Amino acid sequence: MNDKQMFDGRECVVATMHQKEKVIAPLLKEELGLQVITPQNFNSDAFGTFSGEVSRKGDQLEAAKRKLKEAMDMTGVSIGVASEGSFGNDTLFRGAAVNRELILLIDKKEELEVVGYVKNNHTNYAQSEVENYEEAYAFAKSIGFPEHAVIVKAHRKAKKKADMVKGITSAEQLKKAVTTLLQKKNTSFSFLKKRQKSLWIETDMRAMYNPTRMKNIELATRDLITKLQSTCPSCQAPGYEITEVKDGLPCAGCGIETASTLSHTYTCQKCHYTEEKLYPNGVTRTDPTYCSICNP
Ligand SMILES: [Zn+2]
Ligand SMILES: [Zn+2]
């Protein structure tokens, strides 16, 4: 049974309350024939928020699994997807902000679990300390406001709902949030007078408030679909994917093994059929430019 036969016409639940189905549903429908539904009253924020009120338990994949299990239990649907994002400053990208998006598909009936990924620096992820509305507005403009929303907090580590305003998408809302939180700080008792004067502002990373992130969720979904459409040559199960990458492509100049990719090993998670495919980049020798002997 191939991917189209396996999924066509089946219901698939998307574990989201942040409108991720807007980009996920059309792709799953078009490429796999899946009919996407979303769970009613699903609170994905209970599994962790980017803004700090609820910290995420476990790694990205574990978080996606927990969320997905809940949505599948709630709806009784045998196939579902959940996506999970993470943001940070990555040394690989010279300290630039990086977004890693993961999307997990579980098919209980076929006992299949496949994960799509994307990691790149296409993100507006940023935060700053501000002292007044003008500074807050300047920050907001720099991250793509008002198409992208911002969050204002009483201080950097604020966790209480009363100490933050999320999903701000207009200048009026921003002004109100800044004024209210500053006033609140000035009337509250504190020895830390200096700290009282400033607020914390950050990008709202929730999908429906962040079109740049939504685009990456779409890319991760495309990666998931590519993996699902890759079928095992032995049993035709979807999700026949690369499980090992081997370095060691010989140098065209001196013949020594280099750090360039020599082979990809594919494994079927259903029947465990495995094969090593040599020269995945279409070349049998690497350019001496990438050789540590020829080009130290
Ligand atoms: Zn197989
Ligand atoms: Zn060489």
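Bear in mind the structure is a predicted one, so any value in this text is a computation, not a measurement. We count ligands from 1, going down the list as the structure has it; atoms in each ligand are counted the same way.
Here the side chains of Val178 and Glu135 are not in contact, with every heavy-atom distance at 4.5 Å or above. Within the 4.5 Å cutoff, side-chain heavy atoms of Tyr137 are placed close to those of Phe145. Counting heavy atoms from C-beta on, the side chains of Phe7 and Gln35 never come closer than 4.5 Å. By the 4.5 Å heavy-atom criterion applied to side chains, Gln60 and Arg100 are counted as neighbours. You'll find the side chain of Cys12 reaches within 4.5 Å of the side chain of Leu28, heavy atoms only.
Arg206 and Ser51 share no donor-acceptor pair across their side chains, judged by distance under 3.5 Å alone.
For Arg156, there are no salt bridge (charged side-chain N to carboxylate O under 4.0 Å, His left out) partners two or more places apart in sequence or in a different chain. Applying the ring-ring contact (aromatic ring centres under 6.0 Å, His included) criterion to Phe42, with sequence neighbours excluded, gives no partner residue.
Protein atoms of type N, O or S found under 2.8 Å from the Zn ion (ligand 2) total 4. With waters left out, the protein N, O or S atoms under 2.8 Å from the Zn ion (ligand 1) add up to 4.
The main-chain N or O of Asp204 is found under 3.5 Å from a side-chain atom of Asn210 such that the two form a donor-acceptor pair.
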